[in-house]
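Keep in mind the model is a prediction, meaning the values are calculated, not measured. These values consider heavy atoms only, across backbone and side chains, with no hydrogens, waters or symmetry-generated copies.
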Amino acid sequence: MRIDRRRLGLIGTLAGTAPWVIMILFPTSAPRRVNWNPVRGLADILTGDPRDAIVQMGGNLAVFAAFGVFGPMRWRLNAWAVTGLAALGSAVLETLQYVLDLGRVTAVDDVLVNAAGAGLAAALARPWRRPPRPADGAVECPPGLRP
């Protein structure tokens with residue numbers, strides 16, 4: 001049985017991204033805040049408690065990582081396109097957090113780290129997504145002559 005790569009790409013993208021989106025849009029009781037300065041936001045995270053930094057940075061890198069791995073299997077996207085689309089999607093999520101007053105921090109650094117995670121995942125998964133090549137010396141049959 002052969003797996004349809006396009007279906008796998010869509011299912012992997014949705015299954016890997018949807019839980020993060022739901023968590024991001026889940027309301028809290030805190031007041032909403034906005035952080036427009038990505039340098040200050042990242043510096044605050046990285047100079048704070050190391051465990052919090054790992055959770056915060058790891059979570060932000062993972063939000064669109066599934067899209068980076070599986071999206072190019074479904075759509076013809078390179079790592080730059082994945083990064084740009086992830087930045088757009090992240091900006092939409094951050095805007096929704098603010099507009100819907102979900103009690104979360106709306107931050108530019110989240111958009112940047114989310115996009116970086118998707119782009120990094122797309123670049124690292126590229127060799128894995130390539131279709132298999134025939135073995136050395138093997139001749140591949142034309143599609144109409146395959147048994």
Side-chain angles (χ1 to χ4, degrees), residues 1-136 138 140 143 146:
M1 181 171 126
R2 186 151 192 245
I3 297 173
D4 181 11
R5 293 172 66 83
R6 290 175 46 92
R7 272 197 197 130
L8 177 63
L10 181 61
I11 291 168
T13 296
L14 292 175
T17 306
W20 293 102
V21 171
I22 291 167
M23 192 246 350
I24 288 168
L25 296 178
F26 198 81
T28 68
S29 59
R32 74 175 156 196
R33 293 180 294 148
V34 179
N35 179 7
W36 292 107
N37 186 341
V39 174
R40 187 183 70 210
L42 289 173
D44 290 346
I45 292 168
L46 296 175
T47 58
D49 182 17
R51 289 174 294 210
D52 290 341
I54 290 170
V55 169
Q56 185 71 23
M57 292 300 289
N60 278 332
L61 286 169
V63 171
F64 287 104
F67 173 63
V69 172
F70 293 103
M73 292 173 70
R74 174 65 177 96
W75 303 279
R76 291 180 181 238
L77 301 172
N78 61 27
W80 292 109
V82 166
T83 304
L85 289 170
L88 179 64
S90 182
V92 167
L93 289 175
E94 293 295 318
T95 303
L96 285 172
Q97 282 181 350
Y98 181 79
V99 170
L100 298 175
D101 194 7
L102 299 175
R104 296 191 168 272
V105 177
T106 300
V108 175
D109 56 301
D110 287 351
V111 174
L112 298 174
V113 178
N114 291 166
L120 185 63
L124 292 175
R126 187 170 181 250
W128 174 71
R129 286 190 308 264
R130 285 191 194 133
R133 290 182 166 170
D136 286 341
E140 191 169 334
R146 291 187 181 157

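When all heavy atoms of A86 and A115 are compared, the closest pair comes out as CB-CA, 4.0 Å. Of all heavy-atom pairs spanning N37 and V39, the tightest one is OD1-N, 3.0 Å. Residues V69 and P72 approach most closely at O-CD, 3.9 Å, considering heavy atoms. Here the shortest heavy-atom pairing between V82 and F67 reads O-CE2, 3.7 Å.
Under the 4.5 Å side-chain criterion, counting only non-hydrogen atoms from C-beta, L42 is not in contact with L112.
Between atom CD1 of residue I24 and atom CG of residue L102 there is a gap of 11.0 Å, rounded to the nearest 0.5 Å. Of the inter-residue distances, the one linking T83 atom OG1 with L88 atom CG reads 12.5 Å to the nearest 0.5 angstrom.
Looking only at distances, no side-chain donor or acceptor of R104 sits under 3.5 Å from a matching main-chain atom of E94.
Pairs passing the salt bridge (Lys or Arg N to Asp or Glu O under 4.0 Å) check and including a residue from residues 18-37, sequence neighbours excluded, read R32-D101. Residue pairs meeting the salt bridge (Lys or Arg N to Asp or Glu O under 4.0 Å) criterion with at least one member in residues 48-66, sequence neighbours excluded: D49-R51.
Under the rule for a salt bridge (charged side-chain N to carboxylate O under 4.0 Å, His left out), R76 has no partner lying at least two apart in sequence or in another chain. Legend: residues meeting side-chain hydrogen bond (donor to acceptor under 3.5 Å, both in side chains) with R40, ordered by chain and number and at least two apart, are N35.
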Without placing hydrogens or testing angles, list every side-chain donor-acceptor pair under 3.5 Å for residues 57-66, not counting sequence neighbours.
{"residue": "N60", "atom": "OD1", "partner": "N114", "partner atom": "ND2", "Å": "3.4"}
{"residue": "N60", "atom": "ND2", "partner": "Q56", "partner atom": "O", "Å": "3.4"}
{"residue": "N60", "atom": "ND2", "partner": "D110", "partner atom": "OD1", "Å": "3.0"}

Please tabulate, for the side chains in residues 6-14, all donor-acceptor contacts under 3.5 angstrom to protein atoms that are two or more places apart in sequence or on a different chain.
{"residue": "R6", "atom": "NH1", "partner": "R74", "partner atom": "O", "Å": "3.3"}
{"residue": "T13", "atom": "OG1", "partner": "G9", "partner atom": "O", "Å": "2.7"}
{"residue": "T13", "atom": "OG1", "partner": "G71", "partner atom": "N", "Å": "3.3"}

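The aromatic rings of W128 and F70 stand perpendicular to each other, their planes meeting at an angle above 60°, with 30° marking the opposite boundary.
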